Number of protein chains: 2
Amino acid sequence: MKSKELTDFTQQYRSLIEQYLQQYLSSLTGNPYLIKAMSYSVMAGGKRIRPLLMLAVCQDLGGKITKGALTAAASLELLHTYSLIHDDLPEMDNDDLRRGQPTNHKVFGHAAAVLAGDALLTNTFAWLASADLQPTELLKMVEKLAQAAGAQGMVSGQMSDILGEKKKLTLAELQRLHQQKTGALLLYACQAGTILAQADKKIEKLITEYGQAFGLAFQIYDDILDETSTTAALGKQVHKDQAEHKNTYPGLLGLDGAQVSLKKAINRANQAVSQLQQLGYDCLLLKGMLGYFAI
Amino acid sequence: MKSKELTDFTQQYRSLIEQYLQQYLSSLTGNPYLIKAMSYSVMAGGKRIRPLLMLAVCQDLGGKITKGALTAAASLELLHTYSLIHDDLPEMDNDDLRRGQPTNHKVFGHAAAVLAGDALLTNTFAWLASADLQPTELLKMVEKLAQAAGAQGMVSGQMSDILGEKKKLTLAELQRLHQQKTGALLLYACQAGTILAQADKKIEKLITEYGQAFGLAFQIYDDILDETSTTAALGKQVHKDQAEHKNTYPGLLGLDGAQVSLKKAINRANQAVSQLQQLGYDCLLLKGMLGYFAI
């Protein structure tokens, strides 16, 4: 399902995002141990899905991928990395392995891992605000990103996740949790792409539908992989959710039920793509990115 | 040394800042336990020095304290509170008491305290970016704040502090550490005040000198209090720095030496005030605020 367009796009921009990240981290002059801890996790070989999604939306909507757009995209990866470092902490999910490597606190210690996360979160905004884009666009992105990532978004989802470990959630509660924990940041990536492309309200609405469905599919897919894959393949411990009685889609719906839900989410995203195509946008990249969830 | 102007100003604006904080926290719709943990520490009776300093600079420079300015000032208190919550964590300073109350992790648990801090830090930027001010002004504030608080500022200082516990620092190293850990945020408060007042470069330079000296005085004063005060008076454990062989000004210079350094810092701040007065700004508030460090 992966088109040549998407393969070329991913190759080109993933490597540019890596370069931007590497350059930004090298430019920081703070405590060397802190910067080493930050760089360790940022450069640990993530797929860069959020920045790529932002740029894919921008390009599919006819926007130009400028240096400013690349800065906005790459800065999002700092924030995503902070969330992984803090999620892995002993008092959170207590994970030892991430992307096939020891987690941040295992290498740098507990305090340094908290601080590396704090610094990555904070510097996301410093970097984003410095991007070569219009002030009004940038300010909208800062506000949307902070809302998506903060007390009403990602952090709220993580809190519910931790509290929810002690009880069985309903499907509606689980969806709300993941909408905040994983969905909000993916949705922001899409919305930031529409800001970069200066799309109108109608387009923005369709991209929001795509982004919401994408986020849902992403989480269901992740839950399914946790059940069906191996540690070697994923680079992190598997069957962990199940062992910890975590609320997951397969846990609530069974593996077959989860796969049906995944297909429904992908269909919803495809519907938004079809509507965008009727408006004259080919959306080759956005359509292709749904191939990510092939099972 | 506290003038009537400063007393009136502090009374009026401290209560407005409290109102703004209370209203903002009540408006959040995320996980209730998370919001409770955030509110607990934000509304724990801080002196609101950073927001007051920002507004004092604005007013002393002839700027108007608008609703937008109050939002910018109050949002800084969210970020300051996050830094206190994370500093108190077991893996950091491991403090049980803050402002006379049990610390956040003692009340809400370790994971919730990390998340409450994360959310306060993130929502600082959401709130600031939403303030009713010019986009270019706001964007400058977002960037300066994130730089002051992040990997090259406050978080770097905290990292150096923790690593420094194992060795004796030189005076220059200690000053650098505190410039980042405490000074950077106080300096931002001053700089944001100049942005609000739309002051020119010359004024900005003098306010920066004031802010740097204020930050230094603040930390030396805090170190001296830790040696000479009681737990009842401070609402937190005292003589703790000494017990933990922490690097402090009295530890490096003796109590007398620290007091001499404090006076020097206050003098430097007063010199900046004199120069501003020669330019026609009475600076009653900024002069009065140095009375905070009376020993």
Side-chain angles (χ1 to χ4, degrees), chain A residues 25 28-31 33-35 37-38 79 82-83 86 89-92 105 109-130 134-136 138-160 162-163 180, chain B residues 25 28-31 33-35 37-38 79 82-83 86 89-92 105 109-130 134-136 138-160 162-163 180:
Chain A
L25 290 165
L28 295 175
T29 55
N31 181 291
Y33 191 72
L34 176 70
I35 305 211
M38 294 163 72
L79 195 143
Y82 125 76
S83 77
H86 280 198
L89 288 172
E91 65 272 25
M92 306 279 183
H105 63 272
H110 199 157
V114 173
L115 293 175
D118 290 347
L120 286 168
L121 170 56
T122 314
N123 279 65
T124 301
F125 293 101
W127 199 16
L128 176 57
S130 78
Q134 291 300 316
T136 44
L138 275 179
L139 206 58
K140 218 188 286 178
M141 283 193 223
V142 166
E143 193 178 352
K144 275 187 189 288
L145 174 56
Q147 277 172 350
Q152 295 174 288
M154 191 174 67
V155 180
S156 206
Q158 173 69 0
M159 186 82 251
S160 303
I162 284 175
L163 297 173
Q180 295 177 323
Chain B
L25 290 165
L28 295 175
T29 55
N31 182 290
Y33 191 73
L34 175 69
I35 310 232
M38 292 163 73
L79 194 144
Y82 125 75
S83 76
H86 280 197
L89 287 171
E91 64 274 23
M92 306 278 184
H105 64 273
H110 198 157
V114 172
L115 293 174
D118 289 348
L120 286 168
L121 170 56
T122 314
N123 280 65
T124 301
F125 293 102
W127 199 15
L128 175 58
S130 78
Q134 291 299 318
T136 44
L138 275 178
L139 206 59
K140 218 189 286 179
M141 283 193 224
V142 166
E143 193 179 352
K144 274 187 190 292
L145 175 56
Q147 278 172 349
Q152 295 174 287
M154 193 172 68
V155 180
S156 205
Q158 174 68 0
M159 188 79 252
S160 304
I162 283 175
L163 297 174
Q180 294 177 325

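As the structure is a computational prediction, the values presented were derived from the model and not from experiment. By convention in this document, chain letters (A, B, ...) are assigned in the order of the sequence lines, proteins followed by strands, and residues within each chain are numbered from 1.
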Test of understanding: with side-chain contact (heavy atoms from CB on, under 4.5 Å), list the residues that count as partners of B:Gln147, not counting sequence neighbours. A:Ala126, B:Glu143

Of the listed A:Leu163, A:Thr124, A:Ile162, the one with the largest count of heavy-atom pairs under 4.5 Å with chain B is A:Leu163

Using a cut-off of under 4.5 Å for heavy-atom pairs, which of B:Ala151, B:Gly153, B:Ser160 has the most such pairs with chain A? B:Ala151

Single hit among B:Asn31, B:Asp118, B:Asn123 for side-chain contact (heavy atoms from CB on, under 4.5 Å) with A:Val155: B:Asp118

With distance as the sole test, does B:Thr122 use its side chain to make a donor-acceptor pair with the main-chain N or O of A:Ala146 at under 3.5 Å? no

Just how far is it from atom CE of B:Met159 to atom CD1 of A:Ile35, taken to the nearest 0.5 Å? 11.5 Å

Check whether any side-chain heavy atom of B:Leu115 lies under 4.5 Å from a side-chain heavy atom of A:Met92, and answer yes or no. yes

Enter the distance from B:Leu139:CG to A:Leu139:CG here, rounded to the nearest 0.5 Å. 6.0 Å

Side chain, backbone, both or neither: which part of A:Met154 has a heavy atom under 4.5 Å from chain B? neither

Go through A:Gly109, A:Ala116, A:Pro135 and name the one with the most non-hydrogen pairs under 4.5 angstrom from chain B. A:Pro135

Segment of B:His110 engaging chain A (4.5 angstrom heavy-atom cut-off): both

